[in-house]
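For reference, the structure is listed below as structure tokens.
Please read all numbers here as calculations on a predicted model, not as lab measurements. One-based numbering, in listed order, for ligands and for the atoms of each.
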Amino acid sequence: MDCIFCKIANHEIPSTIVYENDYVIAFNDLNPVAPVHVLVIPKKHMDSIMAVDDYNYVVEIHKAIKEIAKICKIEETGFRVISNVGEDGGQSVKHLHYHVIGGTKLPEKLA
Ligand code: AMP
Ligand code: ZN
């Protein structure tokens, strides 16, 4: 499968890795929208939240988000977690990912 995030998970293409374990990998977004903008993905391919078939990965992603917040020193100041799904959600990469965004006061809440 020609999936850019699978290639990052397999270390086939470079990324700036922030955190990694057997289940997940987290790396800096190429086009950051804030001082901290990390993407967390399962190493196993899933298209989006709609395709999650193994909830161990959901737990691991949540644990990773906590680790990333500590590593990036935003655990006290706060941050936002976003997963865009499908057409209306504006998802551009069809491999499940969560944006962890922070390091500044974030603008405009949609929800
Ligand atoms: P989304 O629009 O929610 O699907 O988010 C996809 C994100 O992946 C965007 O914020 C892109 O900047 C980011 N992105 C795409 N390719 C790469 C890459 N090779 N390394 C890091 N981030 C990437
Ligand atoms: Zn993939």
Side-chain angles (χ1 to χ4, degrees):
M1 189 192 299
D2 195 28
C3 171
I4 192 161
F5 284 2
C6 280
K7 287 179 181 161
I8 288 175
N10 293 328
H11 304 116
E12 289 166 15
I13 62 169
S15 68
T16 305
I17 298 169
V18 174
Y19 177 80
E20 181 173 15
N21 66 25
D22 287 346
Y23 293 91
V24 305
I25 185 166
F27 50 94
N28 283 334
D29 196 294
L30 262 188
N31 296 111
V33 299
V36 175
H37 187 168
V38 175
L39 298 173
V40 193
I41 68 170
K43 287 189 169 178
K44 178 179 167 186
H45 183 91
M46 303 171 203
D47 284 352
S48 75
I49 283 173
M50 297 308 293
V52 173
D53 58 359
D54 180 346
Y55 288 93
N56 288 317
Y57 283 92
V58 177
V59 173
E60 291 297 332
I61 286 166
H62 269 255
K63 286 163 64 180
I65 290 168
K66 285 172 65 175
E67 288 306 313
I68 292 156
K70 290 177 196 164
I71 291 164
C72 297
K73 304 194 184 314
I74 54 172
E75 79 270 40
E76 302 282 339
T77 48
F79 54 92
R80 200 169 288 165
V81 180
I82 298 169
S83 186
N84 297 316
V85 180
E87 182 78 21
D88 282 0
Q91 183 180 6
S92 61
V93 178
K94 308 292 189 250
H95 180 128
L96 175 64
H97 56 279
Y98 294 77
H99 300 256
V100 180
I101 300 168
T104 188
K105 183 82 179 168
L106 296 171
E108 194 188 350
K109 281 173 64 179
L110 280 176

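Per residue His95, closest N, O or S atom to the Zn ion (ligand 2): atom name ND1.
Every atom of ligand 1 is numbered from 1 in the order shown, and the set under 4.0 Å from a heavy atom of Gly90 is 2 (O). Every atom of ligand 1 with a heavy atom of Ser92 under 4.0 Å away is listed here by number and element: 1 (P), 2 (O), 4 (O), 5 (O), 6 (C). Those atoms of ligand 1 with a heavy atom of Gln91 less than 4.0 angstrom away are 4 (O). Which parts of ligand 1 touch Ile4 is read off a 4.0 Å heavy-atom cut-off, strictly below it: atoms 19 (N). Short contacts between ligand 1 and Asn31, defined as distances under 4.0 Å to a heavy atom of the residue, involve ligand atoms 12 (O). Taking every non-hydrogen atom of His97 and a distance limit under 4.0 Å, the qualifying atoms of ligand 1 come out as 1 (P), 3 (O), 4 (O), 5 (O), 6 (C). Close approach to Asn28 involves these atoms of ligand 1, each under 4.0 Å from a residue heavy atom: 21 (C). Every atom of ligand 1 with a heavy atom of Ile8 under 4.0 Å away is listed here by number and element: 18 (C), 19 (N), 20 (N).
Between His95 and His97, the distance separating the two ring centers is not shorter than 6.0 angstrom.
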Between Ile17 and Ile25, does a side-chain contact (heavy atoms from CB on, under 4.5 Å) hold up when you go through it step by step? CA-CA 7 Å; Ile17 298 169; Ile25 185 166; 3.8 Å; yes
May I have the step-by-step check of side-chain contact (heavy atoms from CB on, under 4.5 Å) for Ser15 and Asn28, ending in yes or no? CA-CA 7 Å; Ser15 68; Asn28 283 334; over 6 Å; no
Under the criterion side-chain contact (heavy atoms from CB on, under 4.5 Å), I'd like the reasoning laid out for Lys7 against Asp2: C-alpha separation, chi angles, the key distance, then a yes or no. CA-CA 8 Å; Lys7 287 179 181 161; Asp2 195 28; 2.6 Å; yes
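Side-chain contact between Asn10 and Lys43 is absent, with no heavy atoms from C-beta onward closer than 4.5 Å.
Using a 30° and 60° split on the angle between ring planes, Phe5 and Phe27 fall in the perpendicular class, above 60°.
What you find for Val100 and Ile65 is that their closest heavy atoms are CG2-CG1, 4.1 Å.
Residue contacts with ligand 1: His99 is placed with a nitrogen or oxygen under 3.5 Å of a nitrogen or oxygen of the ligand (distance criterion only). For ligand 1, the polar-atom distance check against Leu30 finds a nitrogen or oxygen pair separated by under 3.5 Å.
In the candidate list Val93, Leu39, Asp29, Ile41, Asp29 is nearest to atom 9 (C) of ligand 1, counting heavy atoms. Nearest-heavy-atom check against atom 3 (O) of ligand 1 across Leu96, Asn84, Val33, Ile101 picks out Asn84.
If you put the vertex on the Zn ion (ligand 2), SG of Cys3 and ND1 of His45 sit 110° apart, to the nearest 10°.
Of the heavy atoms in Phe5, only side-chain atoms (C-beta onward) come closer than 4.0 Å to ligand 1.
With His99 as the partner, the side chain to side chain contact (heavy atoms under 4.5 Å, CB included) test is satisfied by one option alone out of Val33, Val40, Asn84, Val81: Asn84.
A side-chain donor-acceptor contact under 3.5 Å links Ser48 to the backbone of Met50.
Judged by distance alone, the side chains of Asn56 and Asp54 do bring a donor and an acceptor atom under 3.5 Å apart.
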